[in-house]
Structures are given as C-alpha cells and as structure tokens.
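The structure appears right after this line, and notes come after that.
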Protein chains: 2
Amino acid sequence: MGRPTIGDVASAAGVTKATVSHAFSGKRPISPATKARIVAAAEELNWVPSSLARALATRRANAIGIVLARDPEILASDAFFPAFIAGVEAALAPREVALVLQVASTRAGEERAYRAMAQGRADGVVVLDLHAADWRVPFLEELGLPAVLLGAYEDASTFSCVRTDDAAPVRELVDHLLAQGHTRIAHVSGPMGYVHSRVRASAYLERTGSDELLRQGDFTARTGRDLTAELLDLPERPTAIVYANDTMAIAGLSYARSRGLRIPEDLAVAGFDDDHLSAHLSPPLTSVSTDPRRRGEVAAEQLLLDISGRPPRSITLDCTRLRLRDSTGASTEPPHPRSNA
Amino acid sequence: MGRPTIGDVASAAGVTKATVSHAFSGKRPISPATKARIVAAAEELNWVPSSLARALATRRANAIGIVLARDPEILASDAFFPAFIAGVEAALAPREVALVLQVASTRAGEERAYRAMAQGRADGVVVLDLHAADWRVPFLEELGLPAVLLGAYEDASTFSCVRTDDAAPVRELVDHLLAQGHTRIAHVSGPMGYVHSRVRASAYLERTGSDELLRQGDFTARTGRDLTAELLDLPERPTAIVYANDTMAIAGLSYARSRGLRIPEDLAVAGFDDDHLSAHLSPPLTSVSTDPRRRGEVAAEQLLLDISGRPPRSITLDCTRLRLRDSTGASTEPPHPRSNA
DNA sequence: TCTCGAAAGTAAACCGGTTTGACAATGAGG
DNA sequence: CCTCATTGTCAAACCGGTTTACTTTCGAGA
C-alpha cells in the first residue's frame with residue numbers, strides 16, 4: 001500500500017474525511033476529544049496531506065514560478081541569478097511555498113512553460129529580463145496569471161513591478177570620471193533589447209552626450225574582451241570604460257592589462273552588479289551593487305500579496321550603490337589621458 | 001468562467017472526456033475524423049491539460065526537486081550552484097519536466113520539504129552536499145522517493161550516485177607545489193562534515209603527511225581571510241596555501257597582498273571550483289575546474305531514468321581538471337605584465 | 001415546556017484529469 | 001450464416017483532498 005491518505009486517517013480515527021480535513025484546517029469547530037484522536041491517528045500513520053490533491057481542490061499550487069529565457073550557459077556565469085533566487089527563497093521558505101523553475105530557449109517553449117505554470121504548477125510568476133515592449137506582459141494578462149515584473153516597465157497597470165534606479169549610479173560614476181579629467185569615456189552595454197541595458201546606456205549617453213564610444217555587448221566575458229580590443233584600437237582610445245556588468249569588465253580589464261596598460265593609470269575600468277569577487281580583485285573593481293537578494297525577496301513578497309488578491313502596486317527600491325574602488329583610481333591621482341602611440 | 005477543462009473540449013467536440021483523453025494520449029485508437037474534431041476543439045478553446053489534475057490521476061508530478069540545506073547567504077555567493085542548476089535544467093527542459101526548489105534552514109524544515117516533494121510535488125530529488133553518514137539517505141529510502149546523490153557515498157545500493165574524483169587534482173596540485181620546492185604547504189578546507197571537503201583534505205594530507213598547516217574554513221570569504229591571517233602569523237609561515245574553494249582563495253590572496261606579500265613569489269595560492277572569474281584575476285588563480293554544469297545534467301538524466309523504473313547505478317565522471325595559472329607560479333596561460341615594472 | 005441556534009459531524013459533490021469495463025458496430029475467418 | 005476479434009466510444013470509478021448542504025444533539029432563553 002502506498003502513502004496513507006486522508007481516508008486512512010479518517011477510518012483510523014473513526015470519523016469521515018470531512019472531519020479530518022476540518023480538524024486540520026480549523027474551518028469548522030471540532031471537539032477537542034475528536035481532534036485529539038485525529039491528530040493521534042495522523043501522527044501514527046505518518047500522514048501529511050498530498051499537496052497535489054490539495055492544490056487541485058483549492059486551485060492553489062502553493063508555489064510560484066520563474067521561467068528563464070536565458071541560455072543555460074549565461075545562467076551559469078551570472079552573479080545576479082543565485083543571489084536573486086536566494087532572496088526569493090528567503091521570502092518563500094517560512095510560508096512553505098515552493099519555487100518552480102523552468103528554462104525555455106524558444107518562444108514557443110516559453111509560452112508552454114507559462115501555460116503550465118498557469119494550469120496549476122504555480123500561483124504566480126516573477127518575470128525577469130524585461131524587454132522594451134515585452135510580449136510576456138500581454139500574454140500573462142490574457143493568461144490571468146499574477147505576475148511581478150522586475151525592472152522598469154512603462155505600462156504596468158495590471159502587474160506589480162519592482163524597480164530600482166539603475167541610472168543614478170551610472171550618472172554618478174560618469175560624473176566621477178569626468179571630474180577626474182577623463183574626456184573619452186566608453187561604454188560596453190548589454191543587449192539593447194533589455195530594459196535594464198537601455199537604462200544604463202542612456203544614463204551614460206545623458207552624461208557624455210555622444211554614442212561614439214558606445215558598444216553593444218551581451219554580458220559575456222567574450223564580448224567584454226572583444227569590444228575592449230575594438231575600443232583600444234581606436235586612433236584616439238578611451239581612457240575609461242564603463243561596462244554593463246562585472247563579467248565584461250573583468251574580461252576587459254584583464255585584456256587591457258595584457259596589452260600593457262596599467263589600471264587605472266592608463267585606463268579606468270568600472271563594472272556593474274558588484275560580483276562578490278570584484279572587491280577582491282587587484283585592483284579592486286569599481287562597480288554598482290544592486291542587492292539582487294533584496295530585490296528577490298521584495299518581488300516574491302509582493303507576488304504573494306498579489307496572489308492573495310491585493311491590488312498590484314509598483315515598488316521602487318533604493319538599493320543601487322556606486323562602489324568606488326581602485327580600478328577607477330578612486331583613491332589615487334587623477335589619470336593622465338594619453339592617446340595611442 | 002475559468003480556464004477551459006477537458007469537459008469543455010469534450011462537449012465542444014461532441015464526445016466524452018474519455019475520448020478526448022485517449023485522443024491525446026493515444027492509449028486507445030480513435031478514428032481520424034473524431035480525433036480531428038477534438039484537436040480542432042482543443043485548439044479553438046485554447047485548452048491545455050491541467051498538469052495538476054494529470055499529476056493527481058497519474059501520480060506523476062513531472063517535476064524533480066532539490067532541497068537546499070544551505071543558508072541563502074551562502075547560496076548567493078556560490079559559483080557551483082547556478083552552473084549546476086543550468087545543467088539540471090538542460091536535461092529537464094526538452095522533456096518538459098520542471099524543477100522545484102526549496103530551501104530549508106532547519107532539519108525539521110528539510111524533512112517537511114522532502115515529504116512535500118514525496119507527496120506529489122516531485123517524482124524524485126537530487127541530493128547535494130552529502131555528509132559522511134547523511135541522515136537524508138535512510139530518510140529518503142523510507143519515504144520511497146527516488147534520489148540521485150551527488151558526490152561520493154559509501155553505501156549507495158538503493159540510490160544512484162554521481163561521483164567525481166576530487167582527490168586526484170588535489171594530489172596533482174600538491175605534487176606540483178612540492179616539485180617547485182615548497183615545503184610548507186597549507187590547506188584551508190571546507191567544513192569537515194561534508195564528504196567533498198573531507199575528500200579534498202585527505203588528498204592533501206596524503207601528500208603532505210601532516211595536518212599541522214590544515215585549517216577548517218566554511219567556504220566563505222570571511223574564513224578565507226581569517227584563516228590566512230592565522231597561517232601567515234605562524235612563526236614559520238607557509239609558502240603555499242591550497243584552499244577548498246575559489247572564494248576563500250581569492251579572499252586569502254587579497255589579504256596576503258595587503259600584508260605586502262607578492263603572489264606567487266612570496267606565497268603560492270590555489271583554489272578549487274574554478275570560478276568563471278578566476279582565470280581573469282591578476283595573477284590568474286590556479287584552481288580545479290569541476291564542470292558543475294555537466295554534473296547537473298548527468299544527475300538529472302540519471303534521476304529521470306531512476307524514476308522511470310531503471311535500477312539505480314553509480315556513475316563516475318571524469319571532469320575534474322587542474323588549471324595551473326600564475327598564482328602558483330607556473331602558468332600554461334600567458335602572464336600579465338606587472339604594473340610599474 | 002417549547003423553540004431556536006450553535007456545535008459537531010456526516011454524506012456527497014467537486015476539482016480536472018486518467019483508466020477500466022462494457023458495449024455496439026464492423027469486418028474477417030470458418 | 002454464425003462466430004469472434006477488433007475498433008471506436010461511452011459511462012463510471014478513481015486519484016486525495018476541500019467544501020457545501022444537511023442532520024443530530026444539546027443547552028439557553030422565553
């Protein structure tokens with residue numbers, strides 16, 4: 001015989017299924033004596049209600065979902081993700097809500113995954129890596145699946161939204177570099193499809209006023225290296241490079257060094273995301289910490305509220321901080337910009 | 001009205017639920033004409049079977065679970081985890097199996113989580129971070145939940161097991177250091193409760209023959225730093241330190257530098273796990289790559305086999321590789337020029 | 001003494017699928 | 001022409017819970 005069911009407990013306690021159910025949910029008064037018998041029987045049989053059956057009956061999965069559109073490869077080398085998940089789990093664990101993860105590489109697969117979530121796998125989803133006019137927003141609306149969008153999204157009336165001000169620290173960073181006398185400041189962005197890439201890039205453009213030294217990368221070490229090479233090969237090379245994440249920054253820094261440039265004297269370098277190792281590099285890497293853990297926690301928390309029926313709301317977190325470190329010469333002399341030999 | 005059900009499709013197509021079910025599962029022959037009507041109706045109504053109801057009826061969740069005993073904080077700064085998950089997902093995605101994640105900080109919470117998995121959340125679990133005599137093994141046996149154990153486990157008759165040889169690259173590394181003339185080689189291990197920590201430490205002991213310079217850390221940057229301080233304060237300090245992971249190694253390296261030691265001239269340093277940034281540090285960090293992605297893929301693959309009824313088996317992967325880099329003074333990669341040389 | 005309401009429980013419907021047993025219609029074999 | 005196997009479909013039971021409607025009992029208030 002398989003796992004004990006509520007029926008087994010009921011007959012062991014000499015009552016019906018309904019009584020057992022009520023005894024545990026407390027939705028109906030149950031006499032102390034009966035309740036004690038039921039609890040004892042459940043204990044004895046080692047019974048725990050099947051979350052599946054419960055979910056079917058109550059239309060509540062007690063789980064929230066995340067569908068990852070990212071390539072597993074990128075996922076593997078991303079500092080944001082594990083910290084974010086940790087935050088989500090921190091919010092979920094005390095409530096015994098599970099997290100369902102599914103990756104999908106094609107749009108069709110993504111749709112299937114979201115449909116599966118809607119059909120009972122999850123009560124709501126957290127949506128990451130928003131695009132400018134993201135198809136998932138209307139899609140999820142139609143599906144009627146509660147969702148929390150991470151990052152800025154213009155028309156977020158139907159869904160809650162957890163935002164951060166990514167632009168401010170970038171402006172602050174560029175201003176800092178300008179104040180140090182840098183005139184040729186480059187930016188290696190992420191894919192412009194992403195809202196967050198675009199926000200960072202436009203903060204950069206707002207300050208520098210030109211996209212001459214703007215290059216589009218894809219967050220991998222590879223493009224960090226290649227685009228750095230491209231920038232350093234310019235007739236008048238930049239004296240500072242701001243990267244859209246730490247992985248690209250570190251790859252770029254490492255490449256610049258291999259060409260004999262000193263950091264930060266010959267080239268100032270800054271990243272974004274503040275990987276936990278960045279402070280330990282030499283030179284330590286200037287970056288922007290974004291507290292992904294907190295964002296995960298807040299997003300999950302809000303999603304649970306949305307699921308319980310509260311109206312969606314937009315939360316703006318103040319959790320981006322510029323971390324000035326040696327790679328931008330924060331604590332050294334202003335650099336002497338030179339052009340290529 | 002909510003999502004369409006199989007009943008809606010059935011009446012739309014003028015048949016019964018059973019016929020619809022058979023049309024899709026193919027378990028009974030259905031005439032082409034009827035099948036076409038059913039498919040059309042399903043298409044029309046945008047119906048997709050509820051995974052919940054299906055799971056209840058078939059006792060198959062179509063999901064596998066991972067219960068993380070780690071503190072969310074450690075999870076956040078761990079290079080192993082995201083890559084492992086990526087591998088698991090790579091195996092799961094094409095089969096439309098979901099991954100259910102749950103963290104639990106207490107033993108009771110862990111047990112609850114595994115019970116919940118067994119009751120329908122998941123068809124099997126992957127068990128990480130094995131301890132020497134892990135309570136989870138008999139527990140899961142009793143629960144009757146298929147499982148794949150990651151890492152060495154002596155008595156793995158009932159469960160499949162995915163192993164790697166962590167000892168070989170450590171031996172190789174220590175031999176390399178000995179060959180370079182180092183005589184005082186230290187080791188900062190992980191918590192000795194973990195099988196993998198113990199394996200690495202005993203490979204170290206096997207070669208050095210003494211535990212005088214062995215210190216037990218906990219994989220965090222903090223203990224990496226503190227234990228390095230302790231080792232460097234010894235009257236006769238070590239000339240090389242082997243850390244059980246890269247995070248501790250980088251923290252240690254950084255600390256040693258702050259005390260004015262040159263790496264690798266004054267102190268050779270090596271890590272374990274080969275964080276994706278380690279090759280980009282300066283000096284690049286010698287480490288051991290362990291291919292967590294592949295391990296995740298193989299573990300998930302095997303778990304699916306176990307679930308489908310195949311007998312458990314033990315797989316040993318050959319995927320640990322020593323990556324010699326500048327931090328131990330002998331590099332297969334081109335060195336970076338020293339600044340201000 | 002009679003009535004009414006709350007308390008404690010029961011029986012059955014329901015959630016949305018799958019699976020099994022029954023049965024009519026069809027066609028092949030003897 | 002009769003039998004038997006096969007095909008296609010239906011009706012109902014089932015998975016393991018929750019929830020609703022209904023019954024019985026008991027004590028308090030009039």
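So you know, we letter chains A, B, ... as the sequences are listed, proteins then strands, and number each from 1.
A 4.5 Å side-chain heavy-atom check between A:R60 and A:D123 finds at least one atom pair inside the cut-off. A:T19 has its side chain within reach of A:I30: a pair of non-hydrogen atoms, C-beta onward, lies under 4.5 Å apart. Between A:L101 and A:V103, every side-chain heavy-atom pair lies at or beyond the 4.5 Å cut-off. No side-chain heavy atom of A:V127 sits less than 4.5 Å from a side-chain heavy atom of A:L150.
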>> Within the 4.0 Å limit for protein heavy atoms, which parts of nucleotides 15-25 of chain D are touched? Write it as a string from 5' to 3', B for base, S for sugar-phosphate only, - for none.
In response: BBBBBBB----

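Of the residues in residues 110-122 of chain A, not one places a heavy atom less than 4.0 Å from an atom of DNA chain C.
Where the helix from C:dT1-D:dA30 to C:dG30-D:dC1 starts and where it ends, the local axes point in directions that differ by 50°; five pairs per end, rounded to 10°.
Applying the salt bridge (charged side-chain N to carboxylate O under 4.0 Å, His left out) criterion to A:D134, with sequence neighbours excluded, gives A:R136.
Classification of the B:W135-B:F139 ring pair by plane angle, with boundaries at 30° and 60°, yields perpendicular. The aromatic rings of A:F219 and A:H196 are tilted relative to each other, their planes meeting at an angle between 30° and 60°.
If you take NZ of A:K35 and P of C:dA7, they are 15 Å apart, rounded to a whole angstrom.
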Sequence neighbours left out, cut at 3.5 Å: what donor-acceptor pairs do the side chains of residues 296-303 of chain B make with other protein atoms?
{"unit_1": "B:E297", "atom_1": "OE1", "unit_2": "B:R293", "atom_2": "NH1", "d": "3.3"}
{"unit_1": "B:E301", "atom_1": "OE2", "unit_2": "B:R95", "atom_2": "NH1", "d": "3.0"}
{"unit_1": "B:E301", "atom_1": "OE2", "unit_2": "B:R95", "atom_2": "NH2", "d": "2.7"}
{"unit_1": "B:Q302", "atom_1": "OE1", "unit_2": "B:R313", "atom_2": "NE", "d": "2.9"}
{"unit_1": "B:Q302", "atom_1": "OE1", "unit_2": "B:R313", "atom_2": "NH2", "d": "3.2"}
{"unit_1": "B:Q302", "atom_1": "NE2", "unit_2": "B:S160", "atom_2": "OG", "d": "3.2"}
{"unit_1": "B:Q302", "atom_1": "NE2", "unit_2": "B:D306", "atom_2": "OD1", "d": "2.7"}

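Counting only residues at least two apart or on different chains, the side chain to side chain donor-acceptor pair (under 3.5 Å) pairs with a member in residues 35-59 of chain B are A:R115-B:N46.
Considering OG1 of B:T158 and CD of B:E141, their distance stands at 3.5 Å, rounded to 0.5 Å.
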